[in-house]
Amino acid sequence: MSDAGTIMFQLPTALREFAQGQENVNVHGQSVGEALQALAAEHPLVGSRIIGPGGELRRHVNLFLGERNVRDLQGLDTRVAAGDTIFIIPAVAGG
Amino acid sequence: MSRTGLPGNGLPSKESPVTLLVGTRKGLFRIESDASRNQWRLEGPFLAGNEILHVAQLSGNPARLLAATNHPIWGAHLFASEDGGRDWQPLEAAPHFPAGSGATGLKAIWFLAPEPEGDGVYAGIDPAGLFYSPDAGLSWASVNGLNEHSTRARWEPARGGFSVHSIRIDPRDKRRMVVAVSAGGVFRSEDGGRVWTPANRGVRAENLPGKYPELGHNVHRVILAPSDPERLYRQCYNGTYRSDDFALTWNEITTGLPSDFGYALAVAPACADTLFQVPESGSHMRAVVDGSLRVFKSRDGGASWCSASQGLPQEHAYVSVLREAMDTDSCAPCGVYFGTTSGHVFASADAADHWQLVSSFLPRVLCVKALDSRLLESHR
């Protein structure tokens, strides 16, 4: 569980080298998009691998809020609450 | 670098260990020779899992390398190395169009071209764009003179993507440049990239209605002869060409080659008349002609060609050599190197007269760059 008042990102192995080896990063935000912005501000090399230069969620990167893909919710506008965990998971279609 | 573009006094060194940086679909390999260029040792993969589309060596600090990478999930990024290509650090910035502009996204960084001196670097990207970094890749700005060119609506994607590549800079005057757009043709600037003019006079384009259109050509590769920077060569969708006036006009030099299609093209750094090409059977098959892996060599600027293929497989070889997958070194005689789509790397220490296989069964080879090993070490 994340600390109260925070959203926790769980990073896949491939991205941990861009976050000083951390598996989990705690940020603040009220939506998935805000949380991602906070993650990118703290770890820009992670952010640029999740969000493309046009500001879009990369096609083969999935974000799961609990067990639900945020693409099936409201995308980056999906609301998050303190204690939520967002899993960053590469799609199998990517390679 | 000397004004001829050759290291030191402009004359080729007779013997030197060479380091090949071989970019593949699954990472970068270093293949280093002894001084005779007969014994080779492979290290890697570095940047494992990434496609390595291009590697560049900065003029101001030859030990500093930049690599253009792509990953099917995590996208296109730049990495920098300070130790000759073993340890790589990711760069935060990458060349791309701003969000919300007509051409957004960054599909790939195809080409990196350091200026002849200092830390300036140009990058060619997909979607077709030219960008400039004054600080060795730490920041990037659009070269709007090309990216907003009045002819842009007439450019179109080629089969391999929609990219700017083959950025060639006059080593005597960095304001003079040519670039290739696939497919849009070659463009030329004399003023550091503010004004660009199409530079395709004399070049066929059978993908277009007119035989010699002003632009729209599918350019596969353009190279510049360091010993005579007015001399350029280009391999197009239709034919191989030579220019003696920095791309103002072109003359076809395909006669003597077994086809008018191919990607790989390289010139000897010390001799503008000596060049090497790997013809392919055409746009349908995209493999070497007749299953025979042949390098064609010219000693007279393309007026005549001969096969220089001793040591290369001459039957049942259905491979391709991609546009950045062939290079030459600055030794005498000139070393020539290439990698295939089957993951084989070949080397010649005598200007293509004899070849040896120096590595096999690597991932698909995307680029090969030959570096003077001593130059890499001396600047560390």
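Here is the naming used below: chain letters follow the sequence lines, and residue numbers restart at 1 for every chain.
Within 6.0 Å of the CZ atom in B:R286, the count of heavy atoms belonging to other residues, nucleotides or ligands exceeds 12. Counting non-hydrogen atoms of other residues, nucleotides and ligands closer than 6.0 Å to CZ of A:R71 gives a total above 12.
Under the 4.5 Å side-chain criterion, counting only non-hydrogen atoms from C-beta, B:E92 is not in contact with A:S48. Between A:R58 and B:I73 there is no side-chain heavy-atom pair separated by less than 4.5 Å. Within the 4.5 Å cutoff, the side chain of B:H71 has no heavy atoms near those of the A:R49 side chain.
Separation of atoms CD1 (A:I50) and CH2 (B:W74) is listed at 6.5 Å; rounding is to 0.5 Å.
For chain B, the nearby parts of A:P53 are the backbone and the side chain; heavy atoms of each come within less than 4.5 Å.
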